[in-house]
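Single-structure report; data block below.
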Amino acid sequence: MLYYLFNYLYKVYHLPGTGVFQYSSFRAALAVVTSLIIAQFFGAPLIRALQRQQIGETIRDLGLQGQLEKKGTPTMGGLIILLAILVPVLLFAKLDNIYIVLMLLSTVWLGLIGFVDDYIKVVKKDKEGLAGRFKILGQVGLGLTVGWVLFFSKDVTVRQYALPNGAFSAVDASSVYQDVKLMITTVPFLKNNELNYGDLFATAGDFFNEYYAFFYIPIVIVIITAVSNGANITDGLDGLAAGTSAIIGITLAIFAFVSGNALLADYLDIMFIPNSGELVIFCAAFVGACVGFLWYNSYPAQVFMGDTGSLAIGGIIAVLAIIVRKELLIPVLCGVFLIENLSVMVQVSYFKYTRRKYGEGRRLLRMSPLHHHYQKLGYHESKIVSRFWIVGIMLAVLTLVTLKLR
């Protein structure tokens, strides 16, 4: 909103200083500062309000060190994250940008699903929360919406540059260019690293070649569902999900910045995505919200984010990666989420297999998800979180290296 105000003042009245709002880097800086301020000043009152309403976490005794001390800690703290994201974005971003609209929709959509789940758990005292099928249905609905918009909207394009001989290349930013509707993505570690989803069905006939949206959209649904649930599973220790998400958010902000800047995209030889640079403002608010939330969520936590926050941040990360055409890098970038998810799947599968074969279930890990396994081994919670953050930073650096390592 403020962007439009200052843009009007700059163009109509030429007020000194108002033109600085034209720069996404300046608005991103304002977004991250505003996000941190909102988390700081509204976090404490919200926590007190949750305590007054007795909206505290119900702890099931799993024999973990320090677990019972967390009983009664307020949950639904994800509301702090949502507020600290939405307000700066509404203030400083271009609200007519298709990518910003999708990110706002994703944030509110999954935030509401998580809020309903937390409300049923802590207010209605139903430990099961929102039925799993309704969670999945909500995630599938968002994936369907995002996939449909990205595939069919004329505002979602990539830029290709024309050489004099008529060939297309993105290596010369001075060439004649055209913005085309192509569903392409980045394949890491390959020299010719762009994959056109349509090419996967080029030999399958005209029908599949024209309507491969029916294959692209399910891919989007799977990614959003998987990453959202991965973040939800990771949210088991104080500061783990928020800190890991902040690291991922910084990485995605870099991708959004270079993908939305013609000169940087040309230098790094990656696809230029028109209007995607505006996502830097959203990423900045997202990182600020996660870091600001850590003020209250770091060990020992004064508040838990609950599904209100964890489902939302996972979905935000997934949609951001898809928009900047880096969804195939998610297994690396979101490696912490992935290994946490896999640890649960492997543990459950192995237990069922050994129960059928030997008559009793056996476990590969002392407990899943993986962070609880290390707790069972005697590691302190803060040490586990710190080491997971370090792994997250290493994976983020590896992800950024793929820009040039082919």
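These numbers were taken from a predicted model, which means no experiment stands behind them.
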Query raised in the report: When rounded to the nearest 0.5 angstrom, what is the spacing between NZ in Lys135 and CG in Asp117?
Result: 3.5 Å

Report task. Mind checking the OH-CG spacing from Tyr8 to Leu15? Nearest 0.5 Å is all I need. Result -> 10.5 Å

Report task. First locate atom CD1 of Ile248, then atom CD1 of Ile313, and finally report the distance between them rounded to the nearest 0.5 Å. Result -> 8.5 Å

Query raised in the report: Quick one: does Val280's side chain get under 4.5 Å of Ser25's, heavy atoms only?
Result: no

Requested in this report: May I ask you to test the Met103-Val89 pair for a side-chain heavy-atom distance under 4.5 Å?
Outcome: no

Requested in this report: Compare every heavy atom of Ile38 with every heavy atom of Pro88, then report the nearest pair and how far apart it is.
Outcome: CD-CD1, 4.0 Å

**Report entry** Spacing of CD1 belonging to Ile223 relative to CD belonging to Gln139, to within rounding of 0.5 Å
**Finding:** 13.5 Å

Requested in this report: Taking Asn297 for its side chain and Val303 for its backbone only, find out whether a donor-acceptor pair lies under 3.5 Å.
Outcome: yes

Query - Distance in Å, Thr157 OG1 paired with Asp179 CG, rounded so as to fall on 0.5 Å steps - result: 4.0 Å

Query - Under 3.5 Å: donor-acceptor pair, side chain of Glu278, backbone of Lys94 - result: yes

Query - Phe257 atom CZ, over 12 foreign heavy atoms within 6.0 Å - result: no

**Report entry** Any Leu50 side-chain heavy atom under 4.5 Å of Thr75 side chain
**Finding:** no

Query raised in the report: Would you call the rings of Phe6 and Phe21 parallel, tilted or perpendicular if under 30° counts as parallel and over 60° as perpendicular?
Result: parallel

Query raised in the report: Using 30° and 60° as the class limits, which term best fits the ring planes of Tyr197 and Tyr216: parallel, tilted or perpendicular?
Result: perpendicular

Query raised in the report: Can you check side-chain contact (heavy atoms from CB on, under 4.5 Å) on Ser106 and Leu142, steps first, answer last?
Result: CA-CA 7 Å; Ser106 302; Leu142 177 62; 3.8 Å; yes

Query - Heavy-atom check, side chain of Leu95 versus side chain of Leu104, under 4.5 Å - result: yes

Query raised in the report: If you look only at pairs with a residue in residues 333-346, which of them pass as a side chain to side chain donor-acceptor pair (under 3.5 Å), with sequence neighbours excluded?
Result: Glu340-His371

Query raised in the report: For Ser368, does its backbone N or O pair with a side-chain atom of His373 as donor and acceptor, under 3.5 Å?
Result: no

Query raised in the report: Would the number of heavy atoms belonging to other residues, nucleotides or ligands and lying under 6.0 Å from OH of Tyr353 be above 12?
Result: no

Query raised in the report: Of the non-hydrogen atoms in Phe304 and Ala301, which two are nearest, and what is the gap between them?
Result: CE2-CB, 3.7 Å

Query raised in the report: Do Glu381 side-chain atoms and Asp238 backbone N/O form a donor-acceptor pair below 3.5 Å?
Result: yes

Query raised in the report: When you measure from the side chain of Trp389 to the backbone N and O of Gly239, does any donor-acceptor pair fall under 3.5 Å?
Result: yes

Query raised in the report: Which heavy atom in Ile247 sits nearest to a heavy atom in Ala396, and how many Å separate them?
Result: CG2-CB, 3.8 Å

Report task. Could you tell me whether Phe26 atom CZ has more than 12 heavy atoms of other residues or ligands within 6.0 Å of it? Result -> yes

Query raised in the report: Which is it for Asn261 and Tyr267 under the side-chain hydrogen bond (donor to acceptor under 3.5 Å, both in side chains) test, yes or no, and what are the steps along the way?
Result: CA-CA 10 Å; Asn261 185 294; Tyr267 174 74; over 6 Å; no

Query raised in the report: Hey, mind stepping through Phe115 and Met76 against side-chain contact (heavy atoms from CB on, under 4.5 Å) and telling me if it holds?
Result: CA-CA 7 Å; Phe115 178 82; Met76 287 190 184; 3.7 Å; yes

Query raised in the report: Is it the case that more than 12 heavy atoms not belonging to Tyr119 sit under 6.0 Å from its OH atom?
Result: no

Query raised in the report: Between Leu400, Ile317, Val332, Leu329, which is the residue that forms a side-chain contact (heavy atoms from CB on, under 4.5 Å) with Thr251?
Result: Leu400

Query raised in the report: So which heavy atom on Asn275 is nearest to which on Asn97, and how close?
Result: O-ND2, 2.9 Å

Report task. Please report the shortest heavy-atom distance between Leu279 and Ala256, naming the atom on each side. Result -> CB-CB, 3.9 Å

**Report entry** Polar side-chain atom of Thr244 near backbone of Ala241 as donor-acceptor pair, under 3.5 Å
**Finding:** no

Report task. Taking the side chain as every heavy atom from C-beta outward, state whether Phe286 and Ser245 have any pair of such atoms under 4.5 Å apart. Result -> yes

Query - Polar side-chain atom of Ser35 near backbone of Ala84 as donor-acceptor pair, under 3.5 Å - result: yes

Requested in this report: Determine, stepwise, if the pair Asp118 / Thr308 fulfils side-chain hydrogen bond (donor to acceptor under 3.5 Å, both in side chains).
Outcome: CA-CA 7 Å; Asp118 285 337; Thr308 305; 2.7 Å; yes

Query raised in the report: Quick one: does Thr354's side chain have a donor or acceptor within less than 3.5 Å of a partner on Phe351's backbone?
Result: yes

Query raised in the report: Within a strict 4.5 Å, meaning less than it, do heavy atoms of the Val20 and Tyr10 side chains meet?
Result: no

Query raised in the report: Passes side-chain contact (heavy atoms from CB on, under 4.5 Å), Leu252 versus Phe282? Steps please.
Result: CA-CA 10 Å; Leu252 288 171; Phe282 187 94; over 6 Å; no

Query raised in the report: Sequence neighbours excluded, which residues qualify as side chain to side chain donor-acceptor pair (under 3.5 Å) partners of Gln347?
Result: none

Report task. Kindly indicate, with the supporting measurements, whether the criterion side-chain contact (heavy atoms from CB on, under 4.5 Å) is fulfilled by Leu83 and Leu79. Result -> CA-CA 6 Å; Leu83 186 66; Leu79 292 171; over 6 Å; no

Query - Phe388 vs Leu370 side-chain heavy atoms within contact, under 4.5 Å - result: yes

Query raised in the report: Backbone N or O of Leu130 within a donor-acceptor pair of the Lys121 side chain at under 3.5 Å?
Result: no

Query - Contact check, side chains of Leu365 and Tyr350, non-hydrogen atoms, under 4.5 Å - result: no

Query raised in the report: Do the ring planes of Phe152 and Trp148 sit parallel (below 30°), tilted (30 to 60°) or perpendicular (above 60°)?
Result: tilted

Query raised in the report: Of all heavy-atom pairs between Ile281 and Arg27, which one has the smallest distance, and what is that distance?
Result: CD1-NH1, 3.7 Å

Query raised in the report: Is a side-chain N or O of Thr186 found less than 3.5 angstrom from the main chain of Lys326, in a donor-acceptor match?
Result: no

